[in-house]
Amino acid sequence: MSETDIIRQIKLGETSKVQFKERLLDNYDIGCELVAFSNAHGGMLIVGVKDKTGNVNPLSYQEAQETTSLLGNIASENVVPSILVDVKTVPVDGGSIVVAHIKEGVNKPYHDNRGIVWVKNGADKRKVFDNAELAEMMTDCGSFSPDEAGVRDATIKDLDENTIKTFLGNKFEKALAMKGLVGDTFREASLDAVCSTIVSGHNGEKLLRNLRFIRPDGKITVAAMLLFGKYTQRWLPVMTAKCICFVGNNLGGTQFRDKVNEADIEGNLLHQFETIMDFFTRNLHNIQVGEEFNSKGVLEIPYTSLVEFTVNALVHRSLNAKAPIRIFIFDDRVEIHSPGTLPNGLTVDDIVVGTSMPRNMFLFTNAIHLLPYTGAGSGMLRALSENLKVSFTNNDRSNEFVITINRQGSSQSKDYLDTRLRHSDTEAGTNSDTFNTDSDTELRYSDTNWRTNSDNSNANSDTKRLKITNKQRDIINFCSVPRSSKEILERAGVTYHSKNIQTYIMSLVEAGYLEMTNPEHPTASNQKYRRSKI
């Protein structure tokens with residue numbers, strides 16, 4: 001670092017990574033500064049500059065020598081565990097300045113020789129007493145894995161067998177296929193039978209132990225509860241999401257178009273993912289992609305991008321932070337707030353080029369068998385390839401990572417709104433608002449989504465209303481991934497009967513909510529149903 005560089009840095013003033021000291025007068029105070037830098041992202045201590053004014057007061061040759069030696073002693077005696085500092089002397093007019101470079105520590109949390117943990121707080125520092133914050137430091141340096149921690153008092157009975165079966169079916173798909181346990185045979189098999197097929201002589205509990213979802217001390221891991229829990233929030237109450245669609249663009253607004261009830265979002269990560277995606281699809285606009293008004297539409301923010309952003313928030317959130325994921329839809333933007341800043345020294349620049357350094361490695365490597373992502377670090381690149389206006393904020397102050405997606409400035413979106421407003425003038429007795437505030441009990445299917453073959457000349461037939469029950473809405477969410485008819489009826493809690501198939505499946509297919517995976521052969525034995533993308 002040259003004199004020009006150091007003078008430029010001094011003119012910028014103190015920051016979270018730069019601290020000024022005129023002289024080293026208090027070894028303990030300097031040790032606290034080194035601890036704070038080590039527990040944060042590193043930094044630079046410049047000696048020979050007045051911290052109040054930024055004026056340079058150069059050190060003499062002897063002072064520079066003594067300061068260099070003293071910094072080394074403080075780093076080894078006043079910082080626990082001890083650290084190494086890179087000390088350089090920079091010549092300036094009238095003497096020199098000593099610059100100490102402190103790296104981010106690899107053995108956090110560091111504390112002073114009185115046992116107090118310090119972190120940077122802007123240009124100042126503060127003490128840390130919160131166990132969650134200490135755990136986050138340990139997680140950053142790899143000495144603690146919160147996803148492998150035990151959940152107190154939880155047992156295997158608190159895990160959902162069907163979700164575990166889905167996980168095992170995806171993870172061991174080839175092995176199960178080789179042994180003929182596929183299709184209806186797999187669905188009808190018990191969890192223990194599936195586990196025994198995967199590894200001879202293993203039941204559910206034994207296989208989950210081998211897969212490290214149950215610890216040697218018998219405790220269910222946090223990862224197991226997040227992936228398979230029946231009532232996850234009973235044990236991990238903050239591992240949830242808040243979803244609100246506001247009227248206007250102000251977070252402090254008191255009017256909203258839609259809000260996911262806390263009871264509806266509670267559940268494991270697969271359920272949370274499905275609920276969040278349903279929240280997006282019912283509150284974002286559909287944009288026409290063809291010249292004809294009746295052509296299929298797509299979401300104004302591509303569905304695939306929303307999937308990637310949502311999965312990232314669920315899987316990479318800080319498990320130590322005592323806060324839920326927050327998802328807000330405003331008139332001009334969508335915000336996804338994920339607890340915890342970027343881990344392992346990652347920056348926003350790293351994220352946008354596809355660098356992947358998972359925070360919760362055990363959860364990350366296993367959630368791939370339930371949630372739709374590749375795990376290859378390409379998800380963010382795919383999400384950004386849709387030509388979206390997206391910004392990322394790594395907010396140290398609020399301890400969260402925020403993704404903001406712009407809803408304005410899209411010519412497609414404006415064309416859609418203009419077309420929708422023109423069409424509303426011809427609709428008889430319908431509500432022209434883009435959003436339906438009574439979405440919990442009723443969905444409106446306009447002419448863009450569902451037309452009947454009769455009475456097309458009647459203006460009232462342009463809009464059909466299909467009232468659905470909460471159970472049918474749950475089925476639609478459940479079918480975010482393809483499901484068999486048996487799985488759907490089991491989810492609905494009804495018997496496998498043709499009348500129930502018509503009520504809970506075919507009526508939703510006919511209305512356009514669900515679609516067949518094999519529409520050319522409706523009665524095929526491998527037929528499944530998924531939520532329609534239109």
Side-chain angles (χ1 to χ4, degrees), residues 156 159-208 210-211 213 224 227-230 267-271 273-274 277 307 365-375 471-472 474-510 512-533:
I156 193 172
L159 305 182
D160 181 60
E161 289 193 2
N162 287 332
T163 308
I164 296 173
K165 278 182 60 179
T166 300
F167 168 83
L168 295 176
N170 293 332
K171 183 177 178 64
F172 299 102
E173 181 179 8
K174 292 183 180 179
L176 291 170
M178 289 178 61
K179 297 181 181 180
L181 198 63
V182 295
D184 290 338
T185 305
F186 173 81
R187 287 187 287 274
E188 293 171 0
S190 67
L191 175 60
D192 286 345
V194 171
C195 294
S196 181
T197 303
I198 295 170
V199 182
S200 179
H202 281 52
N203 59 14
E205 182 173 353
K206 191 171 183 179
L207 185 57
L208 288 177
N210 286 356
L211 294 175
F213 288 114
L227 293 174
F228 314 129
K230 291 180 182 176
N268 56 43
L269 292 190
L270 179 59
H271 175 77
F273 169 77
E274 293 169 348
M277 294 309 299
V307 166
T365 55
N366 286 285
I368 192 173
H369 302 298
L370 282 176
L371 299 177
Y373 67 97
T374 64
K471 185 174 290 187
Q472 287 173 316
D474 180 68
I475 289 172
I476 296 169
N477 293 339
F478 183 61
C479 292
S480 295
V481 294
R483 308 287 189 180
S484 67
S485 57
K486 185 174 181 179
E487 288 177 309
I488 294 173
L489 295 184
E490 285 179 354
R491 176 79 174 193
V494 297
T495 59
Y496 191 82
H497 190 277
S498 59
K499 289 185 177 179
N500 289 332
I501 291 176
Q502 176 61 37
T503 300
Y504 293 100
I505 302 176
M506 298 313 300
S507 63
L508 296 177
V509 172
E510 293 165 2
Y513 290 101
L514 299 181
E515 62 185 14
M516 298 181 184
T517 57
N518 187 6
E520 295 180 358
H521 301 90
T523 60
S525 60
N526 64 345
Q527 184 67 263
K528 291 188 177 184
Y529 304 86
R530 63 187 169 215
R531 186 170 58 189
S532 176
K533 296 298 188 295

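The figures here come from the full heavy-atom set of this structure, side chains too, leaving out hydrogens, waters and symmetry mates.
- Here the rule is side chain to side chain contact (heavy atoms under 4.5 Å, CB included) with I475, and of I505, L489, L508 only L508 fits it.
- Proximity of a side-chain donor or acceptor of D192 to a complementary backbone N or O of G204 within less than 3.5 Å is detected.
- Minimum interatomic distance between E188 and K165 (heavy atoms only, all atoms of both residues): N-NZ, 4.5 Å.
- Nearest heavy-atom pair across L207 and C195 is CD2-SG, 3.6 Å.
- Distance alone, capped at 3.5 Å, is enough to place a donor-acceptor pair between the Q527 side chain and the N518 backbone.
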Please evaluate residues L211 and K171 with respect to the criterion side-chain contact (heavy atoms from CB on, under 4.5 Å), reporting the C-alpha separation (whole Å), side-chain torsions for both, the decisive distance (0.1 Å), and the verdict. CA-CA 11 Å; L211 294 175; K171 183 177 178 64; 4.0 Å; yes

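- Remark: the backbone N or O of S484 is not paired with any side-chain donor or acceptor of K528 at under 3.5 angstrom.
- Side-chain atoms of I164 and L208, non-hydrogen and from C-beta on, do get closer than 4.5 Å to each other.
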Which is it for Q502 and E510 under the side-chain contact (heavy atoms from CB on, under 4.5 Å) test, yes or no, and what are the steps along the way? CA-CA 10 Å; Q502 176 61 37; E510 293 165 2; 3.6 Å; yes

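- The shortest side-chain heavy-atom distance between L159 and K230 does not fall under the 4.5 Å cut-off.
- Rounding to the nearest 0.5 Å gives a distance of 12.5 Å between CG of N268 and CZ of F167.
- Qualifying ring-ring contact (aromatic ring centres under 6.0 Å, His included) partners for F273, counting only residues two or more places apart in sequence or in other chains: none.
- Between F478 and E487, the closest side-chain pair of non-hydrogen atoms falls below 4.5 Å.
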Checking L168 against L191 for the side-chain contact (heavy atoms from CB on, under 4.5 Å) test, could you report, in this order, the C-alpha distance in whole Å, the side-chain angles of both residues, the deciding distance, and whether it holds? CA-CA 9 Å; L168 295 176; L191 175 60; 3.8 Å; yes

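- Here the closest heavy-atom approach between residue M516 and residue R530 is recorded as O-NH2, 4.4 Å.
- Side-chain N or O atoms of N170 include one that pairs as donor or acceptor with a backbone N or O of T166 at under 3.5 Å.
- Contacts of T185 classified as side chain to side chain contact (heavy atoms under 4.5 Å, CB included), with partners at least two apart in sequence or in another chain: L181.
- Remark: the S485 side chain and the Y504 side chain contain no N/O donor-acceptor pair separated by less than 3.5 Å.
- Geometrically, R531 does not engage Y513 in a cation-pi contact defined by less than 6.0 Å to the ring centre and at most 45° from the axis.
- With a 4.5 Å cut-off on side-chain heavy atoms, V194 and F172 do not count as touching.
- Rounded to the nearest 0.5 Å, atoms NZ (K179) and CD1 (I198) are 8.5 Å apart.
- Contact detail for S525 and D184: the closest heavy-atom pair is O-OD2, 4.4 Å.
- For the residue pair L270 and L370, the shortest heavy atom distance occurs at CD1-O, 3.7 Å.
- Taking CG of N526 as the reference point, atom NE2 of H521 lies at 10.0 Å (rounded to 0.5 Å).
- Scanning all heavy atoms of the two residues, the minimum distance from L227 to T163 falls at O-CG2, 3.4 Å.
- E173 CD to M178 CE: the interatomic distance, rounded to the nearest 0.5 Å, is 13.0 Å.
- One N or O on the side chain of H497 and one on the backbone of K499 form a donor-acceptor pair closer than 3.5 Å.
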With side-chain contact (heavy atoms from CB on, under 4.5 Å) as the test, would you mind laying out the steps for E515 and Y529 before giving the verdict? CA-CA 6 Å; E515 62 185 14; Y529 304 86; over 6 Å; no

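- Salt bridge annotation for R483-E274: present, with a cationic side-chain nitrogen under 4.0 angstrom from a carboxylate oxygen.
- No donor-acceptor distance shorter than 3.5 angstrom exists from the side chain of S200 to the backbone of S196, with no hydrogens or angles considered.
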